[in-house]
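Only one structure is covered here, and it is reproduced in the block below.
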Amino acid sequence: IASGVAFGIAAAAIYAGYILVGARVGRGVAALPMATLVIGSAALLFAVAAALSGPRWPGTTAGWLAGAGIALVSTVAAITLFFAGLARIGPTQASTLSTVEPLFTVLLAAVVLGETITAVQLAGGALILAAVVLLARAPRFRLSAETVRDTMLSTSGLLRKNLGGPSVMPYQPEKLWDELAGGAGQG
């Protein structure tokens, strides 16, 4: 069980990296070329693995149809749609919304395969949906300008911890405001 948890955590970390790299590298690139690159790279790796271990082909027509369905729907369509969404809503919301995948998997297993859904699975699905709705609707956390300024001043060693004192005015060339003030600043 411990190795399964470790694999699950590793998969989550790799998926997070995949989303962030996809968002950065994919700027300005359409979803289909991005998906083609990802799927083509994965196919190359699996071809090498199959060559090393010996390929195992489906033995029936149903097996071939299932493989084609998985390839086209669960891989090509899903990855292409994910990259299209990633370009439109960004990595944070895309990763948040993609957490509903397990919920869809359980629902499809019930509908397509006739599996029963337990009360614990229903509760888990409700929690996933509630979390996604809360995260999607929550305002994004933003720092105030003062917090950013004070952090930068503190980091550079320029933040004064005592209150009061003369105001700090940035450098301004002479007569910068004269035209706007209509000559009122001349003295």
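Identified under the side-chain hydrogen bond (donor to acceptor under 3.5 Å, both in side chains) test for residues 43-59, with sequence neighbours left out: none.
When the side chains of ILVMFWY residues are joined at heavy-atom separations under 4.5 Å, either directly or via intervening members, Val106 and Leu113 end up in two distinct hydrophobic clusters. Tracing side-chain contacts under 4.5 Å through hydrophobic residues (I, L, V, M, F, W, Y), one never reaches Ile70 starting from Val73; they form parts of separate clusters.
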Mind listing the side-chain donor-acceptor pairs of residues 118-135 below 3.5 Å, one per line with the distance, residues two or more places apart or on another chain?
{"residue": "Thr118", "atom": "OG1", "partner": "Gln121", "partner atom": "N", "Å": "3.2"}
{"residue": "Thr118", "atom": "OG1", "partner": "Gln121", "partner atom": "OE1", "Å": "3.4"}
{"residue": "Gln121", "atom": "OE1", "partner": "Thr118", "partner atom": "N", "Å": "2.8"}

Would you be so kind as to tabulate the donor-acceptor pairs closer than 3.5 Å made by side chains of residues 40-48, with sequence neighbours excluded?
{"residue": "Ser41", "atom": "OG", "partner": "Leu37", "partner atom": "O", "Å": "2.8"}

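Here Glu115 contributes atom CD and Thr105 contributes atom OG1; the two are 11.0 Å apart, rounded to the nearest 0.5 Å. Taking CD1 from Ile9 and CD1 from Ile14, the interatomic distance works out to 12.0 Å, rounded to the nearest 0.5 Å.
Pairing each heavy atom of Ile89 with each of Ala94, the nearest pair is CD1-N, 3.7 Å.
Alongside Leu72, the hydrophobic cluster contains no other residue (criterion: ILVMFWY side chains under 4.5 Å). Taking Ile, Leu, Val, Met, Phe, Trp and Tyr as members and joining any whose side-chain heavy atoms lie under 4.5 Å apart, directly or through other members, the hydrophobic cluster of Phe82 also contains Tyr15, Tyr18, Ile19, Val29, Met34, Val38, Ile39, Val76, Ile79, Phe83, Leu86.
A distance-only check finds a donor-acceptor pair linking the side chain of Thr99 to the backbone of Thr96 [under 3.5 Å].
Under the side-chain contact (heavy atoms from CB on, under 4.5 Å) criterion, Thr151 pairs with Thr147, Thr155, sequence neighbours left out.
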